[in-house]
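Whatever order the structure lists them in is the order used to number ligands and atoms, beginning at 1. Predicted model, so just to flag it, every value in this text is computed and none were measured.
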Amino acid sequence: MPTNNDGTMIILSSPSGAGKTTLVSLLSKLNNFEVSISHTTRKPRPNETPDKDYYFVSEQDFKRLIKNEELLEYAKVFDNFYGTTRTPVIDKLNKGKNVLFDIDWQGADQIKNKKLDYKLITFFILPPSKEVLFERLSNRDMKDKLIATERMKQFSRDVLHWINYDYVVINENLEKCYSKIFNLIQAEINNGSKDYDSDYIRSHIDKLTS
Ligand code: 5GP
């Protein structure tokens, strides 16, 4: 049974290339914050550590998790399955840990709709401009500019989901973006005043979607 001493669920989503994974990893260094490690059918990247970055599983194993109703949420993203197992998350929250989720908008929607008895704060991270995003995506996939172009198209679709999040934060400068998120989390947890300019965010989104 959830109580006031329970942890808070904090979701960070973003279109590809907005720098969300780095932000999650910085936030996870805070006292009492832990990352929810997802399961995925995607193959590990060279810089990734199994069971730390993800639990890498076969499609068959993933389907078993779905069938056994072990997942709090799951989604197919770029041809691979990704999902969050329920038990480790609930255990952490019950121990008073704040749990960070690096998941896409489909997973965020599912968790929101579950209306669990734990506090939930959702953030959508955006790049400062389409030009900067293209630059970041091209650097990541140096071999193939086509991938960057494809992901830009995906960006135009993904950005539309900003509306379902509590806060939209622009990642122009990593430190400033981190502080913004940190301050909003503290304000939400402690019922303090929130420094958030929704008109500015609205005009930024208009620029990104024009
Ligand atoms: P990547 O393959 O680049 O690590 O992640 C691709 C996308 O999948 C990212 O937007 C990431 O946030 C999302 N993702 C990672 N884990 C999960 C998960 O457990 N559930 C959902 N719904 N999305 C996830």
Side-chain angles (χ1 to χ4, degrees), residues 9-28 33-59 61-93 99-114 116 120-127 133 136-144 147-148 150-162 164-169 171 177 181 208:
M9 299 191 285
I10 300 150
I11 297 181
L12 275 82
S13 301
S14 73
S16 186
K20 165 198 47 169
T21 305
T22 316
L23 287 162
V24 170
S25 132
L26 283 175
L27 290 163
S28 73
F33 281 64
E34 283 191 26
V35 183
S36 159
I37 303 172
S38 298
H39 284 67
T40 182
T41 58
R42 165 166 83 57
K43 296 277 164 287
R45 297 188 181 124
N47 60 337
E48 287 178 327
T49 313
D51 303 347
K52 183 172 167 283
D53 294 300
Y54 280 107
Y55 298 112
F56 296 98
V57 294
S58 65
E59 198 157 316
D61 285 346
F62 197 93
K63 291 200 168 141
R64 195 171 304 129
L65 291 173
I66 301 176
K67 189 161 168 275
N68 294 344
E69 297 183 1
E70 288 182 54
L71 300 177
L72 188 58
E73 62 74 34
Y74 71 92
K76 199 169 190 187
V77 187
F78 300 129
D79 293 334
N80 292 300
F81 286 104
Y82 295 83
T84 308
T85 39
R86 182 193 315 269
T87 309
V89 170
I90 302 295
D91 284 352
K92 286 186 180 94
L93 290 167
V99 182
L100 295 158
F101 300 83
D102 174 343
I103 62 176
D104 83 329
W105 62 268
Q106 305 172 79
D109 271 3
Q110 289 171 43
I111 292 187
K112 216 168 129 181
N113 291 336
K114 290 237 153 90
L116 303 175
L120 169 67
I121 318 172
T122 61
F123 291 94
F124 198 62
I125 318 295
L126 285 179
L133 178 68
R136 286 183 192 165
L137 291 174
S138 308
N139 284 343
R140 191 192 272 185
D141 295 303
M142 293 254 264
K143 282 178 280 151
D144 199 345
I147 296 179
E150 201 43 54
R151 293 220 164 177
M152 285 304 287
K153 284 196 204 138
Q154 185 66 38
F155 170 77
S156 309
R157 296 189 285 267
D158 286 349
V159 74
L160 303 174
H161 297 284
W162 71 274
N164 292 326
Y165 286 77
D166 296 323
Y167 299 105
V168 176
V169 184
N171 186 9
C177 184
I181 296 172
L208 287 174

Quick one: does [X] get an N or O within less than 3.5 Å of an N or O on ligand 1?
| X | value |
| --- | --- |
| G83 | yes |
| S14 | no |
| Y54 | yes |
| E48 | no |

For ligand 1, indicate whether the residue [X] contacts it via side chain, backbone, both or neither (heavy-atom separation under 4.0 Å).
| X | result |
| --- | --- |
| Q106 | neither |
| F101 | neither |
| K20 | side chain |
| H39 | neither |
| R45 | side chain |

For T87, all residues meeting side-chain contact (heavy atoms from CB on, under 4.5 Å), sequence neighbours excluded: D91
Does the side chain of Q154 come under 3.5 Å of the side chain of R157 through a donor N or O and an acceptor N or O? yes
Listed pairs under 3.5 Å, donor-acceptor, residues 100-110 side chains, sequence neighbours left out:
{"from": "D102", "atom 1": "OD1", "to": "K20", "atom 2": "NZ", "distance (Å)": "3.1"}
{"from": "D102", "atom 1": "OD2", "to": "T21", "atom 2": "OG1", "distance (Å)": "3.1"}
{"from": "D104", "atom 1": "OD1", "to": "Q106", "atom 2": "N", "distance (Å)": "3.3"}
{"from": "D104", "atom 1": "OD1", "to": "G107", "atom 2": "N", "distance (Å)": "3.1"}
{"from": "D104", "atom 1": "OD2", "to": "Q106", "atom 2": "NE2", "distance (Å)": "2.7"}
{"from": "Q106", "atom 1": "NE2", "to": "K76", "atom 2": "O", "distance (Å)": "3.2"}
{"from": "Q110", "atom 1": "OE1", "to": "Y74", "atom 2": "N", "distance (Å)": "3.1"}
{"from": "Q110", "atom 1": "NE2", "to": "Y74", "atom 2": "O", "distance (Å)": "2.7"}
{"from": "Q110", "atom 1": "NE2", "to": "Q106", "atom 2": "O", "distance (Å)": "3.4"}

State the atoms of ligand 1, each with its element, that fall below the 4.0 Å cut-off from a heavy-atom position in [X].
| X | value |
| --- | --- |
| A75 | 22 (N) |
| G107 | 22 (N) |
| D102 | 11 (C), 12 (O), 14 (N), 15 (C), 16 (N), 17 (C), 24 (C) |
| T84 | 19 (O) |
| R42 | 1 (P), 2 (O), 4 (O) |

Nearest 0.5 Å, please: how far is CD1 in I125 from OG1 in T22? 10.5 Å
Between CG on residue N80 and OH on residue Y82, distance to nearest 0.5 Å: 5.0 Å
For E73 and T84, run side chain to side chain donor-acceptor pair (under 3.5 Å): C-alpha distance rounded to whole Å, both residues' side-chain angles, the deciding distance at 0.1 Å, then the answer. CA-CA 6 Å; E73 62 74 34; T84 308; 2.4 Å; yes
Relative to the ring of F62, is the ring of F81 parallel (under 30°), tilted (30 to 60°) or perpendicular (over 60°)? parallel
Are R151 and F78 in a cation-pi contact, defined as NZ or CZ under 6.0 Å from the six-membered ring centre and within 45° of the axis? yes
Taking the side chain as everything from C-beta on, heavy atoms only, tell me whether P44 gets closer than 4.5 Å to D53. no
